[in-house]
Amino acid sequence: MTTDTTVLDGLDFPTSGLAVGDDVADLLFREARTAAAFTPDEVSDEQIAAVYDLVRWGPTALNTIPLRLLVVRTPEARQRLAAHMNEGNRDRVLAAPVSLVLAADTGFHTHIPTLAPHMAALADALEGQPEQRESMARTNALIQAGYLIVGLRAAGLAAGPMGGMDADGIDREFFADNGWKSLLVVNVGHVEGAGTHHPRAERLAYTQASLTV
Ligand SMILES: Cc1cc2nc3c(=O)[nH]c(=O)nc-3n(C[C@H](O)[C@H](O)[C@H](O)COP(=O)(O)O)c2cc1C
C-alpha cells in the first residue's frame, strides 16, 4: 500500500461535477454556517417533523435508524436542559427558538423485524449484547445527526450543534426510563444576520483529507 498523495496534489475538482445547482450547494454547505444567533421566529413541530421525514431515508447499518429526537421547547424544559450544558453553551439553549437533543436509542433492535425483516433474528441476538447495541446505536445515530443538520438547512433553517454538555446528566434528566443516550444538542431557528461572529474557518482540501490506493 502506498500513502503517497503527490499525484493528487495538482488535481482540480470542478464544482460543475455536482448534480445540484450552486444555489443548493451553497444552501446546504458552502454558505451555511453553524448558527449561534437566531431571530425570534418560531420553529413549528411540523417543520421539525418534515425535516425528520426527509432525513430518515439516509442510510444506516442494517437500516437500524437509531437516532431519536427530544424537542425542547417550553421554558421549563429549556432550564432543565441548560443546567447540563457547558457554560458557553447554556445561554444558547435558553435563547434558541427550539433545541433538539439528539440521542441514540440503545433499544433500536426491537424495530429490526420491521426495518430489516431479512435480519429479524438479529433482534433476539442483540437483546443479550448491550455493549454491541450501544456501539451500533451511537455510530449510526451520529451518522443520522449529520443528515439532520443538512436536512434542517434544506428546510431553510439554521442549526447550531453543541457537544459541550454533561451527556450523562442529560440522560438522567430526560432518558432515565427509555435507554436513550444523548449525543448532541442542536439549536434550531431562523438565522439572524450571519448567525455567528466567527469568521469562516478554512477547511482541509481533498488532497489533505484523502488517500487513494
Ligand atoms: C459534533 C459537534 C459538536 C460541537 N460542539 C460545539 C460546542 O459545544 N459549542 C459550540 O459553540 N460549538 C460547537 N460546535 C460547532 C462547531 O464549532 C462548528 O460547527 C464548526 O466550527 C464549523 O463552523 P461553521 O459551520 O460556522 O463553519 C459543534 C459542532 C459539531 C458538529
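Counting convention: from 1, in listed order, for ligands and their atoms alike. As the structure is a computational prediction, the values presented were derived from the model and not from experiment.
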**Report entry** Euclidean distance, Asp168 CG relative to Glu173 CD, rounded to 0.5 Å
**Finding:** 13.0 Å
Query - Interatomic spacing from NE2 in His111 to CD1 in Ile65 - rounded to 0.5 Å - result: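 His111 NE2 to Ile65 CD1: 9.5 Å, rounded to 0.5 Å.
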Requested in this report: Can you see which heavy atom on Pro97 is nearest to which on Gly189, and at what distance?
Outcome: CG-CA, 3.9 Å
Requested in this report: Compare all side-chain heavy atoms of Thr106 with those of Lys181 and state whether any distance is below 4.5 angstrom.
Outcome: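 Side chain of Thr106 against side chain of Lys181, heavy atoms only: contact under 4.5 Å found.
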Query raised in the report: Side chains of Thr64 and Met136: closer than 4.5 Å at any heavy-atom pair?
Result: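 A side-chain contact under 4.5 Å exists here.
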Report task. Only counting residues at least two apart or in another chain, list the ones meeting salt bridge (charged side-chain N to carboxylate O under 4.0 Å, His left out) with Asp45. Result ->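 Once residues adjacent in sequence are excluded, the partners of Asp45 under the salt bridge (charged side-chain N to carboxylate O under 4.0 Å, His left out) criterion are Arg73.
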Query raised in the report: Taking any residue with a non-hydrogen atom under 4.0 angstrom from an atom of ligand 1, which ones do you get?
Result: Arg33, Thr34, Asn89, Arg92, Pro161, Met162, Gly163, Gly164, Leu184, Arg200, Arg203
